[in-house]
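Written below as structure tokens is the structure these notes are about.
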Amino acid sequence: MSYLFLTHLLCVVTAAIATFVVIKLLDRLRRRDAESEARQIQERALQEAANRRREVELELKELILQQKAEGERELRAAREELHQRERALDKRQDALEQQAEQLRKQEKIVEQTQRKLTERIQDVSRRKEELSKLLDLQRQTLHELSGLSREEATKRLLDLLEAQLQQEAGAVILKHEKRIAEICEQRAREVLLTSLQRYAASHTAETTTSTVDIPNDEMKGRIIGREGRNIRAFEKATGVDVIIDDTPGVVIVSAFDMIRREVARISLNKLIADGRIHPARIEEIVAETQAEMDRNIQKFGEAACQEAEVHGLHERIVNLLGRLHYRTSYSQNVLRHSIEVAFLAGMMADEIGLNGALARRCGLLHDIGKAADHEVEGGHPKIGGDLLKRYGEGREVIHAAIGHHDDLRVENPYTVLVAAADACSASRPGARRETLERYIKRMEELESIASEFPGVEQAYAIQAGRELRVLVSAKDTSDETAAKVCRDIVKAFEERLTYPGEIKVTVLRETRFTEIAR
């Protein structure tokens with residue numbers, strides 16, 4: 001047992017010693033490996049440091065080379081700039097030298113010119129003295145020959161010069177007056193044409209009768225009434241003439257006052273539609289229609305002010321304007337005529353630099369007297385002027401209403417503009433209706449004048465006398481002769497006729513060949 005124990009102990013001790021020895025050996029080996037690895041790391045670090053140093057040295061060398069190159073470039077640029085400045089200074093110095101040379105030459109020229117001027121002044125002074133002596137001698141000779149003193153001769157000479165100057169001044173004044181008149185006429189024509197082109201109004205000639213359609217002829221008897229009491233009551237209430245004839249389906253209402261005629265027409269239509277026609281109903285319908293007409297008149301006046309862009313008028317003036325819608329002058333509607341005059345006057349005022357709004361106001365109100373001329377004695381210019389003065393209109397507006405027919409001396413330009421616009425509106429083709437007799441006579445006169453020329457076979461007036469068609473003989477005239485006939489007809493119209501607008505003359509010449517096939 002002891003032997004085994006010793007043996008076992010010895011084995012344990014031996015194992016412990018062996019383990020210790022192995023551990024020492026392993027520790028030594030690890031230390032040796034660590035030292036070797038440390039040396040390798042150190043060597044690598046030294047190698048990397050050496051490589052990094054070489055790279056830094058290369059970068060420094062490249063940076064130094066770049067800076068050196070930049071310095072050389074800057075140096076070359078500075079040298080080039082210096083050379084350019086030197087060249088500019090050389091050029092400037094050359095220019096200064098040339099200028100100095102030119103100045104020296106100019107100084108020489110000025111000196112020569114001064115010497116010449118001095119010599120010429122001396123020569124002029126000498127000649128002046130000689131001329132003075134000659135003038136004194138001639139003056140003395142003239143005094144001796146004429147027997148006049150110096151003062152008398154001077155006076156006569158001045159009188160002669162004054163007379164000549166007055167004559168020349170008069171001729172110059174006449175020349176400029178003629179030129180100014182031509183310019184003014186041309187400018188006025190341009191202003192009128194521009195205004196007429198900018199404003200083109202349609203015209204509808206009014207009539208003095210109105211027709212009322214009836215459903216059947218039995219209604220005529222109901223309108224007349226028993227022993228004519230209905231028609232008498234209607235005519236008394238409206239102030240018109242009711243014409244009932246054999247014309248089927250129509251009753252004619254006649255009156256020169258368009259307001260009364262319109263009231264009568266509307267009232268009669270209402271009575272026919274209502275069917276109850278007797279004096280009491282007639283008076284009731286007429287009164288109702290008159291009230292409705294008063295409202296329409298006010299609306300027409302307000303619409304006219306709005307269209308013409310004229311504001312701030314008195315209510316009574318607006319009502320009178322509305323009444324002009326039912327007033328005609330030579331079959332021309334006075335309200336439409338007033339609106340057209342307002343626009344034309346405003347456009348012409350704008351063209352020549354005047355107040356266009358004031359001109360439109362003057363034009364719109366220039367015929368306001370026609371709305372009351374059947375109620376007040378006197379012409380419509382005076383009535384209109386009194387009305388406008390009563391309702392607070394300005395001096396220009398009043399004067400334009402009074403003087404647009406040249407009834408008094410013109411004191412302001414707006415009256416002239418309104419008069420011109422009034423004439424333009426009234427003379428538009430178709431603005432005013434002629435009577436049938438005058439119309440037929442005018443057509444016959446146009447055709448007869450054209451028929452007087454040789455070679456004219458037929459002449460036809462068309463387009464209400466605005467155009468004339470002339471047929472000439474192809475045997476008796478040529479193309480050149482036909483053109484001459486056309487010009488001669490136009491010239492004859494211009495010399496022998498008075499007409500608004502234009503008349504177009506067309507001459508037709510044709511050759512016809514006819515054969516018969518058998």
Side-chain angles (χ1 to χ4, degrees), residues 191-193 195-208 256-259 261-262 296-310 313 317-349 356-374 379-385 387-388 393 396-407 414-435 438 464 499-501:
V191 170
L192 283 174
L193 290 176
S195 300
L196 290 173
Q197 288 173 355
R198 289 174 57 193
Y199 182 79
S202 59
H203 292 279
T204 303
E206 305 290 346
T207 62
T208 58
F256 285 97
D257 190 333
M258 289 184 63
I259 296 178
R261 191 171 76 245
E262 187 68 10
N296 290 337
I297 287 172
Q298 191 70 20
K299 290 180 181 179
F300 282 127
E302 294 172 356
C305 295
Q306 189 70 24
E307 182 177 354
E309 298 180 3
V310 175
L313 294 177
I317 296 295
V318 176
N319 184 267
L320 291 172
L321 280 175
R323 294 178 67 86
L324 291 180
H325 178 75
Y326 299 100
R327 177 72 158 82
T328 60
S329 178
Y330 297 96
S331 299
Q332 185 182 21
N333 187 282
V334 178
L335 182 58
R336 298 309 310 171
H337 164 71
S338 298
I339 293 173
E340 181 177 3
V341 170
F343 276 107
L344 292 176
M347 291 175 185
M348 288 190 286
L358 180 57
R360 286 196 302 274
R361 195 181 192 94
C362 295
L364 182 64
L365 302 179
H366 79 287
D367 270 345
I368 197 69
K370 289 185 178 180
D373 57 355
H374 60 286
H380 75 274
K382 181 178 182 303
I383 296 173
L387 287 172
L388 295 174
E393 289 297 326
E396 294 84 358
V397 181
I398 297 171
H399 195 276
I402 297 174
H404 68 277
H405 285 311
D406 298 328
D407 294 332
Y414 296 99
T415 303
V416 179
L417 292 178
V418 171
D422 181 59
C424 292
S425 174
S427 63
R428 280 185 184 274
R432 294 187 172 184
R433 176 181 292 176
E434 298 174 315
T435 62
R438 289 181 61 189
Y499 50 89

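Note that this is a predicted model, so its numbers are computed, not measured.
- The two residues Ala400 and Cys362 make their nearest non-hydrogen contact at CB-CB, 3.8 Å.
- Electrostatic pairing of Glu396 and Arg361 does not count as a salt bridge here, judged by no charged N lying under 4.0 Å from a carboxylate O.
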- Begin from the C-alpha positions of Val341 and Leu364 and carry the test side chain to side chain contact (heavy atoms under 4.5 Å, CB included) through to its verdict. CA-CA 7 Å; Val341 170; Leu364 182 64; over 6 Å; no

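- Closest heavy-atom contact between Gly363 and Val418: N-CG2, 3.9 Å.
- Atom-to-atom distance recorded for Ile368:CD1 and Leu313:CG is 8.5 Å, nearest 0.5 angstrom.
- For the pair Ala371 and Leu324, the tightest heavy-atom approach, listed with the atom from each and the gap, is N-CD2, 3.6 Å.
- Side-chain atoms of Asn333 come within 3.5 Å of backbone N or O of Arg336 as a donor-acceptor pair.
- Here Glu309 pairs with Arg360 under the salt bridge (Lys or Arg N to Asp or Glu O under 4.0 Å) rule; sequence neighbours left out.
- Nearest heavy-atom pair across Ala421 and Ala345 is CB-N, 3.8 Å.
- Gln298 meets the side-chain hydrogen bond (donor to acceptor under 3.5 Å, both in side chains) test with Asn319; sequence neighbours excluded.
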- Query: Would Thr415 and His366 count as a side chain to side chain contact (heavy atoms under 4.5 Å, CB included) if you check the C-alpha gap in whole Å, the side-chain angles of each, and the deciding distance to 0.1 Å?
  - Reply: CA-CA 9 Å; Thr415 303; His366 79 287; over 6 Å; no

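- Among all heavy-atom pairs drawn from Glu307 and Phe343, the shortest one is O-CZ, 3.0 Å.
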- Task: Applying side chain to side chain contact (heavy atoms under 4.5 Å, CB included), run through Leu365 and Leu321 and close with a yes or a no.
- Result: CA-CA 8 Å; Leu365 302 179; Leu321 280 175; 4.0 Å; yes

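- Between Asp367 and His380, some side-chain heavy-atom pair lies under the 4.5 Å cut-off.
- Between Glu393 and Leu387 the shortest side-chain heavy-atom distance does not fall below 4.5 Å.
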- Item | Steps toward side chain to side chain contact (heavy atoms under 4.5 Å, CB included) verdict (Leu358, Val397) | CA-CA 8 Å; Leu358 180 57; Val397 181; 4.1 Å; yes

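- Closest of all the heavy-atom pairs between Leu417 and Met348 is O-CE, 3.6 Å.
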